[in-house]
S.K.: 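Mind having a look at this structure? Questions to follow.
Residue indices begin at 1 and follow the sequence shown.
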Amino acid sequence: MRTILLVDDELEILKSLGEILNRFGYTVIARTEAQAALSVVRDGAKIDLVITDYRMPGMDGLEFLNALRQMDATVPVIVLTAYGAVESYLKSLSLGVYEYINKPIKAKELGRVVQAAIDSSERSNPPVDISANS
C-alpha cells in the first residue's frame, strides 16, 4: 500500500482529500502545518507521494518543497492551490513539482493524477535487487 503525505492548513480540505485518497486505497498521513509534515519525513516515514497546499501560514508550499528536497530529492510532489498564478506555477515546476493543480479538484481527477505521479516515480526510481550481487 502506498503512503501519501498530505499537507493543508484547512482541516476540512485535509479531511476531504484524505477520505478520497483512502477510498482509492492509499494510506494517508495528514498534517495541517508544513513543519509537522517535514518532521514525518525527518523521522523516516516511507512516503511515496506528497500533496501540499501552496498557501499556508508560517511556511508556504514552495518553502516546504525546498525543505523537503533537502531530505528527499526524489519523492513526487503535487501542489494544490486556490490561488493559481503563473509565477507560483513556474517556481513550482523549477523545483521539480510533478503537478500543479487548482482547487477544487474532483475525486476522479485526483485519483488519476496521484496514480500517474506514483507510476512516474516508480519508473524513475526502480527498485534495486541487491541479492543478485551476493
Side-chain angles (χ1 to χ4, degrees):
M1 185 174 284
R2 302 291 183 205
T3 301
I4 297 173
L5 178 58
L6 184 57
V7 190
D8 198 306
D9 62 309
E10 295 181 46
L11 199 51
E12 284 302 312
I13 291 175
L14 201 63
K15 184 178 176 186
S16 174
L17 291 175
E19 288 172 358
I20 291 166
L21 292 167
N22 283 148
R23 281 196 311 258
F24 282 117
Y26 299 107
T27 298
V28 176
I29 300 172
R31 296 293 182 266
T32 56
E33 297 176 351
Q35 286 292 351
L38 290 172
S39 292
V40 169
V41 176
R42 196 175 299 115
D43 292 343
K46 169 70 173 94
I47 304 297
D48 298 292
L49 175 70
V50 175
I51 300 175
T52 183
D53 187 19
Y54 178 76
R55 282 199 183 174
M56 297 181 288
M59 178 185 287
D60 71 25
L62 293 183
E63 293 168 324
F64 167 72
L65 182 56
N66 273 322
L68 175 67
R69 288 294 181 230
Q70 305 273 328
M71 291 183 270
D72 187 339
T74 63
V75 67
V77 177
I78 296 171
V79 173
L80 298 177
T81 185
Y83 308 96
V86 173
E87 181 181 335
S88 60
Y89 170 75
L90 293 175
K91 282 183 184 177
S92 295
L93 291 181
S94 74
L95 293 170
V97 167
Y98 179 80
E99 190 73 69
Y100 183 93
I101 301 171
N102 288 313
K103 292 178 186 175
I105 183 170
K106 295 183 189 252
K108 188 174 181 179
E109 179 67 8
L110 179 63
R112 184 193 66 73
V113 172
V114 164
Q115 187 61 54
I118 290 172
D119 289 348
S120 174
S121 174
E122 288 173 350
R123 283 191 301 275
S124 300
N125 304 302
V128 176
D129 182 4
I130 59 172
S131 64
N133 296 329
S134 299

S.K.: Donor-acceptor pair, E63 side chain versus D60 backbone, under 3.5 Å?
M.R.: yes

S.K.: If I take atom CD1 from residue I118 and atom OH from residue Y98, how far apart are they, to the nearest 0.5 angstrom?
M.R.: 10.5 Å

S.K.: Flag the pair E109 and R112 as a salt bridge only when some basic side-chain nitrogen lies within less than 4.0 angstrom of an acidic carboxylate oxygen.
M.R.: yes

S.K.: In terms of hydrophobic clustering (I, L, V, M, F, W, Y; side-chain heavy atoms under 4.5 Å; direct or indirect links), are V7 and I4 co-clustered?
M.R.: no

S.K.: Evaluate the criterion side chain to side chain contact (heavy atoms under 4.5 Å, CB included) for residue pair V114 and F24; output intermediate values, then yes/no.
M.R.: CA-CA 10 Å; V114 164; F24 282 117; over 6 Å; no

S.K.: Of all heavy-atom pairs between V75 and D72, which one has the smallest distance, and what is that distance?
M.R.: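 That would be N-OD1, 3.1 Å.
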
S.K.: Do V50 and I13 share a hydrophobic cluster, counting only Ile, Leu, Val, Met, Phe, Trp and Tyr and linking them when any side-chain heavy atoms are less than 4.5 Å apart?
M.R.: no

S.K.: Considering all heavy atoms of both residues, which atom of L49 and which atom of P76 are nearest to each other, and what is their separation?
M.R.: CD1-O, 3.3 Å

S.K.: Are V97 and M56 connected into the same hydrophobic cluster when the rule is that any two of I, L, V, M, F, W, Y join if their side-chain heavy atoms are below 4.5 Å apart?
M.R.: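 Yes, because M56 and V97 connect within a single hydrophobic cluster, where side-chain heavy atoms sit under 4.5 Å apart.
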
S.K.: Taking D48 for the side chain and T3 for the main chain, is one N or O donor matched with an acceptor at less than 3.5 Å?
M.R.: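 Side chain of D48 to backbone of T3: a pair is present.
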
S.K.: Does any part of the side chain of L21, heavy atoms only, come nearer than 4.5 Å to the side chain of I51, both counted from C-beta?
M.R.: yes

S.K.: State whether the side chain of R69 and the backbone N or O of F64 hold a donor-acceptor pair below 3.5 Å, judged by distance alone.
M.R.: no

S.K.: Specify the closest pair of heavy atoms between T52 and G61, including all atoms of both residues, with the distance to one decimal.
M.R.: OG1-CA, 4.3 Å

S.K.: Distance from K46 atom NZ to I29 atom CD1, nearest 0.5 Å?
M.R.: 11.0 Å

S.K.: Do M59 and L5 belong together in a cluster built from hydrophobic side chains that touch within less than 4.5 Å?
M.R.: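 They do share one cluster, since a chain of ILVMFWY contacts under 4.5 Å joins M59 to L5.
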
S.K.: Do R55 and D53 sit within salt-bridge range, that is, some charged N less than 4.0 Å from a carboxylate O?
M.R.: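 No.
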
S.K.: Atom OG of S16 and atom CD of E10: how far apart are they, to the nearest 0.5 Å?
M.R.: 11.0 Å

S.K.: Working to the nearest 0.5 angstrom, can you tell me the gap between Y100 OH and L80 CG?
M.R.: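 It is 10.0 Å, given to the nearest 0.5 Å.
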
S.K.: Taking all atoms of both residues into account, what is the closest heavy-atom pair of M1 and T27, and its distance?
M.R.: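 Smallest interatomic distance, heavy atoms only, reads SD-OG1, 2.9 Å.
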
S.K.: Applying a strict under-4.5 Å side-chain criterion to I, L, V, M, F, W and Y, I'd like to know whether V113 and I47 cluster together.
M.R.: no

S.K.: Quick one: CG on L17 to CD1 on I105, what's the gap to the nearest 0.5 Å?
M.R.: 8.0 Å

S.K.: What's the spacing between D8 CG and K103 NZ if we round to 0.5 Å?
M.R.: 3.5 Å

S.K.: Would you find more than 12 non-hydrogen atoms of other residues, nucleotides or ligands less than 6.0 Å from E99 atom CD?
M.R.: yes

S.K.: For a quick test of reading the model, state the closest non-hydrogen atom pair linking L6 to G18 and the distance between them.
M.R.: CD2-N, 3.6 Å

